[in-house]
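Side chains included, hydrogens not; waters and symmetry mates left out as well; all remaining heavy atoms used. Atoms within each ligand, like the ligands themselves, are counted from 1 in listed order.
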Amino acid sequence: MVITRFAPSPTGYLHIGGLRTALYSYLWSKKNSGKFLLRIEDTDLKRNSKEAAFAIENAFAWTNLSHDGKIIYQSTRFDIYKSYVKQLLDEGKAYKCYMTKEELDSLRTFQMANKIRPHYDGRYRDFKGVPPKGVEPVIRIKAPLDGEISFVDGIKGEVHFNVKDMLDDFIIARSDGTPTYNFVVTIDDALMNITDVIRGDDHLSNTPKQIVIYEALGFEIPKFYHVPMILNNQGKKLSKRDGALDVMEYKNEGYLPEALLNFLVRLGWSHGDQEIFSLEEMIEFFDPSDINKSASAYNEEKLMWINSQYIKKLSSERLIKELEYFDVSIENFPKKEELIDVLRDRAKTIKELAVMVSNIVNEPTNYDEKACKKFIKGDALKNLAAFRETLEAHGECKSSEEFEILAKKFLEERGLKLKDLAQPIRIAMVGSAVSPSVFEVLNIVGYKNVIARIEKLLKHKGEENE
Ligand code: GLU
C-alpha cells in the first residue's frame, strides 16, 4: 500500500510549489490505490497561525484534491512527540545538553575564526557529572560521528552525505520541551505509515537528519522523492514578481483548479508531448520517477493557454457556477447556454469571461469613445434608426438566423455593407465594437432588448448632438 502525505507549514498562504508536490503525492497514492493524507505542520507556535492553516485548507479545498481521513494537526500531538523524546533518552540515544546560549555563541565564534564548519561539539554527549544549575537543557540526539548517510532518492538517484560535513548531535527538543521540526516530521511519517515522501528538494538536507531519527527509533525509512524547484525565466527562485504564488490568487485571476493542476503536473513532469490531462489520465500516467531531475521554468502564458483549453470544453453549467465568484449570475438569463457557447472560445480566464458575459447581459451604461468616433458617423445613426423600424415592422426574431436574414435584406435594399450596420449595432448592444458574431449577440440579447438598446444609443447620441 502506498501512503503519501502533503504536510504544509501554516506560515502563510498555500504556495503553487506546495500545491505541485501535493498533486504529485496525491497522484502517486491514487495510482496505487493507496492513501493520501493532509497534515498541517503547526508545531512552531511562534511562526504558525490558525488563519494561515485555514487559508491553506481553503485553498486546498478549492483544488478538489481530496485527502483521506481527517486533517491531522501536529499541534494536537505534542504528547506523542514527548513520549518518543523520552524513549530516546531512556535508551541512551539522546541526551540532555546544558550548554548556555553564551557558550554556544562562543563555540560558534571560535569555529568560524578557525574556518571550521559551525557545529555542536558533543560536549554533553557522554556527560556523567552534575548538571549546571539554572540551565534548562535541550535534548540532542546522538548522531553518527563519521561515515556517510546515503539513500536512494526516487528522482535524484543515490544521494550521499558525509556526516563530518553536515551533521552534529542536533536538537530534537528545545529547552521548553517543544520538539523540533525534523523530529516531528519523522515521528509522524513513521506513525502514519507514510511509504513515499514526495517533497520539494529544499528539504533534501533535512533528510539525513530524519534518517538518523528513523534509525534511532527503529522505524522503517520511507522512499524519498525530492522534487526540483520551480524557477522563473531567469533561472532564479520563483518570486511574487514572476506571477502569483498564492494558490488563491489564481482563483481570483479566473483560473480553473483543474487547469492549474494540469499546468502544475506538466511543470516538471511529462508524458510524451501530451499537454492536457484529465485527473484520471494524470493518475494513470504519473510516476514520480519520471519527474525531471532539473528545475522547471514557470510560464504564465502556458497556464493561460491551458486554462483556455479547459474553458472551451467545460459544461456551461459549471462555467455559469464559476462566474458567480466574479459576481455575475446568469442562472435566470433566458439564453444562458447560447451566451456561454458563443463566448467560451474567446475567454482565457473566468474573469475575462465574466466581463464578456456581463457586457452582453446588461444594457451598456456607457459607450466606448474611440469606437463611437470610428463607427458612429455619417449615416450610422440614420441606418440604426431605420433598422429598428425594420425590426419593429417584422416582429419578433427568434434566432440568430432570423436576425441575419432580416439584416441582410435590410442592407441589400439600401445598398449598404454589413460593416455599415454591424459595428454601430455592436456599440448599441455591448457599448463597444468588440463582441462575438453580431447576429448571435442579437439573438442572445433578445428581440425586445435589441430594440431598447438601439433606442438607448440613438437617444444618447441624439442628446449628445443637441
Ligand atoms: N512542512 C514542510 C513545508 O511546509 C514540509 C515537510 C515535508 O514535506 O517533509 O515545507
Visitor: Using the ring pair (Phe, Tyr, Trp, His ring centres under 6.0 Å) rule, collect all pairs that involve residues 281-318, keeping only residues at least two apart or in two chains.
Guide: Tyr24-Phe286, Phe263-Tyr298, Trp269-Phe286, His271-Phe285
Visitor: Phe333 ring centre to Lys335 NZ or CZ under 6.0 Å, with the angle to the axis within 45°?
Guide: no
Visitor: Which salt bridge (charged side-chain N to carboxylate O under 4.0 Å, His left out) pairs, counting each pair once, include a residue from residues 148-169, with sequence neighbours left out?
Guide: Arg125-Asp169, Lys156-Asp201
Visitor: So if I only count non-hydrogen atoms and take anything under 4.0 Å from ligand 1, which residues does that give, chain by chain?
Guide: Arg5, Ala7, Pro8, Ser9, Glu41, Tyr181, Val185, Arg199, His203
Visitor: Salt-bridge test for Lys251 and Glu249: reply yes if a basic N is under 4.0 Å from a carboxylate O, no otherwise.
Guide: no
Visitor: According to the salt bridge (charged side-chain N to carboxylate O under 4.0 Å, His left out) rule, which pairs have a member within residues 2-23, sequence neighbours left out?
Guide: Arg5-Asp189
Visitor: Going by the angle between their ring planes, with limits at 30° and 60°, are Tyr124 and Phe127 parallel, tilted or perpendicular?
Guide: perpendicular
